[in-house]
Amino acid sequence: MTYDFDQIINRRGTNSMKWDEAEDPEVIPMWVADMDFAVAPCITEALHERINHPVFGYTFVPESYYEAVISWFARRHQWHIRREWIQYTSGVVPAVSCCIKAMTQPGDNVLVLTPVYNCFFSSIRNNKCNILESALLPVGDSFEIDYADVEKHCAKAETKILLLCNPHNPAGRVWTKQELSRINDICMRHGVIVVSDEIHCELTMPGFTFTPFANVSEECLNNSITLNSPSKSFNTAGLQIANIICSNADWQARIDRAINDNEVCDVNPFGVIALQAAYNKGEEWLDALRAYIYNNYKALKEFLEREVPCVKIHKLEGTYLVWADISALGISADELSERLIKEGKVWMTSGTVYHDPASQHHLRINIACPREQMMEGLRRMATVVK
């Protein structure tokens with residue numbers, strides 16, 4: 001079956017955060033991590049079937065839901081999850097907050113590798129914990145982990161969690177099995193638990209393989225909590241469904257308490273149905289999507305190298321979020337982002353929200369959109385930059 005990812009879908013006037021938040025309706029949004037593609041037909045069909053029943057009451061999550069999760073990760077990632085390890089909730093960000101609440105006390109430290117997803121910081125602060133930052137090391141057009149710095153932070157008695165982004169948003173890294181193992185070795189030496197946000201796990205570029213943290217080794221499984229959702233891969237963020245996967249029964253009980261304390265224990269029927277449709281029938285669509293995003297990435301690289309070579313692109317191994325170095329322009333990311341909106345009518349995210357001093361000279365660019373729409377956004381960017 002073929003899928004039309006070039007189709008332009010008008011999302012204005014639908015209360016879309018991505019499209020309706022800008023004051024100027026002419027702005028092309030390339031900021032928030034939300035795709036502009038129609039969802040997989042199997043999801044639409046499953047939701048239509050459910051909508052034909054006219055009552056939308058409280059939802060019981062059936063065994064078929066857990067079977068879909070287990071089967072998907074076994075097929076796609078050779079990770080064999082047990083039914084009792086899975087706890088559902090309304091999203092990965094609520095899951096992050098629940099895990100911090102469950103595994104820390106106010107005043108404890110949570111370590112992150114910056115630049116990193118901005119909601120990590122609010123989740124840590126909201127649970128009255130301290131944020132520790134270990135900056136990734138730029139190496140060529142990519143990044144590496146500063147293991148000595150990670151160890152320094154983990155050695156502090158108050159450090160309880162390393163909150164990992166795998167694949168990494170916004171740096172675009174897909175961590176290797178060896179890198180994940182080394183992180184865990186450091187954490188285990190100091191009694192630090194790894195909470196791994198793996199929401200972008202399906203979105204890897206050719207030549208790069210996603211490894212679930214918990215599937216690296218028995219030690220990684222026993223020292224980690226994994227958070228995942230089909231929402232980024234299948235463009236269903238608004239349906240609000242995610243899973244927390246943990247093999248430790250005591251930690252599960254603490255997480256369950258936090259889920260209920262935070263009142264994120266109920267999910268809607270559409271999220272439950274969409275997850276099953278995606279994981280049971282969406283594989284072909286996902287593979288076509290991944291190929292399209294990779295070709296968008298190649299088109300972006302070629303355009304910027306030709307038109308604005310002063311903007312350097314870090315290698316994208318995973319996600320659909322390109323991390324662009326604008327330091328050669330001599331202005332801050334905040335200033336450029338504002339000028340792009342006002343003068344160029346294109347919205348790209350200033351890197352400052354992802355912390356790390358170097359992020360003040362970076363933009364994050366969302367390329368999960370029809371290619372012509374992406375190219376128009378890049379042409380507008382190039383005009384302002386020039």
Side-chain angles (χ1 to χ4, degrees), residues 33 85-135 145 150 152-170 175 180 183-184 186-188 190-201 212-214 220-229 231-232 237 240-267 353-356:
W85 297 352
I86 304 171
Q87 294 169 283
Y88 60 81
T89 186
S90 58
V92 164
V93 173
V96 169
S97 293
C98 287
C99 289
I100 295 172
K101 184 181 183 71
M103 309 310 297
T104 67
Q105 296 294 325
D108 285 342
N109 299 333
V110 177
L111 174 61
V112 294
L113 308 181
T114 56
V116 77
Y117 179 44
N118 52 298
C119 286
F120 281 8
F121 302 103
S122 56
S123 288
I124 296 168
R125 286 193 297 266
N126 290 344
N127 283 284
K128 299 179 173 60
C129 288
N130 303 313
I131 301 166
L132 298 182
E133 300 182 30
S134 180
I145 296 166
V150 169
K152 178 187 73 176
H153 290 304
C154 285
K156 297 174 182 176
E158 297 82 9
T159 305
K160 303 301 180 186
I161 287 175
L162 188 155
L163 181 52
L164 182 69
C165 202
N166 177 37
H168 194 89
N169 168 18
W175 304 117
L180 298 174
I183 289 173
N184 192 59
I186 293 171
C187 289
M188 289 191 69
H190 301 288
V192 175
I193 298 165
V194 177
V195 176
S196 187
D197 171 1
E198 302 186 352
I199 196 170
H200 291 278
C201 66
F213 187 93
C220 287
L221 172 67
N222 294 334
N223 192 48
S224 68
I225 302 166
T226 298
L227 318 176
N228 59 40
S229 169
S231 62
K232 296 301 181 193
Q240 297 189 312
I241 193 75
N243 294 299
I244 302 172
I245 301 174
C246 174
S247 66
N248 183 306
D250 176 59
W251 296 358
Q252 289 172 21
R254 291 159 68 178
I255 293 166
D256 182 67
R257 182 69 267 154
I259 289 172
N260 283 273
D261 286 347
N262 286 3
E263 304 290 0
V264 287
C265 47
D266 292 322
V267 292
V353 299
Y354 308 110
H355 288 221
D356 178 28

Find the distance between [atom1] ([X]) and [atom2] ([Y]) and round it off to the nearest 0.5 Å.
X    : Y    : atom1 : atom2 : answer
I161 : I225 : CD1   : CD1   : 6.5 Å
D266 : T89  : CG    : OG1   : 9.5 Å
I245 : T226 : CD1   : OG1   : 6.0 Å
D356 : E133 : CG    : CD    : 7.5 Å
I145 : L164 : CD1   : CG    : 7.0 Å
I131 : L163 : CD1   : CG    : 10.0 Å

Any donor-acceptor pair under 3.5 Å from [X] side chain to [Y] backbone:
X    : Y    : answer
N223 : V192 : yes
Q252 : C246 : yes
N130 : G107 : yes
S90  : V264 : no
T159 : H153 : yes
N184 : L180 : no
N109 : L111 : no

Could you pull out every donor-acceptor pair under 3.5 Å between side chains of residues 94-105 and any protein atom, sequence neighbours left out?
unit_1	atom_1	unit_2	atom_2	d
S97	OG	S123	OG	3.0
T104	OG1	I100	O	2.5

With side-chain contact (heavy atoms from CB on, under 4.5 Å) as the test, would you mind laying out the steps for I199 and Y117 before giving the verdict? CA-CA 11 Å; I199 196 170; Y117 179 44; over 6 Å; no
D197 vs F120, test: side-chain contact (heavy atoms from CB on, under 4.5 Å). Steps then yes/no. CA-CA 10 Å; D197 171 1; F120 281 8; 3.5 Å; yes
Please determine whether side-chain contact (heavy atoms from CB on, under 4.5 Å) holds for the pair Y354 and N118, giving the CA-CA distance in whole Å, both sets of side-chain angles, and the decisive distance to 0.1 Å. CA-CA 5 Å; Y354 308 110; N118 52 298; 3.6 Å; yes
Derivation of the side-chain contact (heavy atoms from CB on, under 4.5 Å) call for L113 and C165: CA-CA 8 Å; L113 308 181; C165 202; over 6 Å; no
Using side-chain heavy atoms (C-beta onward) and a distance below 4.5 Å, is [X] in contact with [Y]?
X    : Y    : answer
I124 : V112 : yes
H168 : V116 : yes
W251 : I193 : yes

Could you pull out the closest heavy-atom pair between C119 and V93, with the gap in Å?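 In this case the closest contact between C119 and V93 is CB-CG2, 4.0 Å.
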Which residue is it: C201, P212, S196? I am looking for the one with a side-chain contact (heavy atoms from CB on, under 4.5 Å) to N166.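 Of the listed options, the one satisfying the test is S196.
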Run the ring pair (Phe, Tyr, Trp, His ring centres under 6.0 Å) test against F213 and tell me which residues pass, sequence neighbours left out.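 Residues passing ring pair (Phe, Tyr, Trp, His ring centres under 6.0 Å) with F213: none at all.
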List for me each residue that meets ring pair (Phe, Tyr, Trp, His ring centres under 6.0 Å) alongside H355, sequence neighbours excluded, and say none if there are none.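 Once residues adjacent in sequence are excluded, the partners of H355 under the ring pair (Phe, Tyr, Trp, His ring centres under 6.0 Å) criterion are F121.
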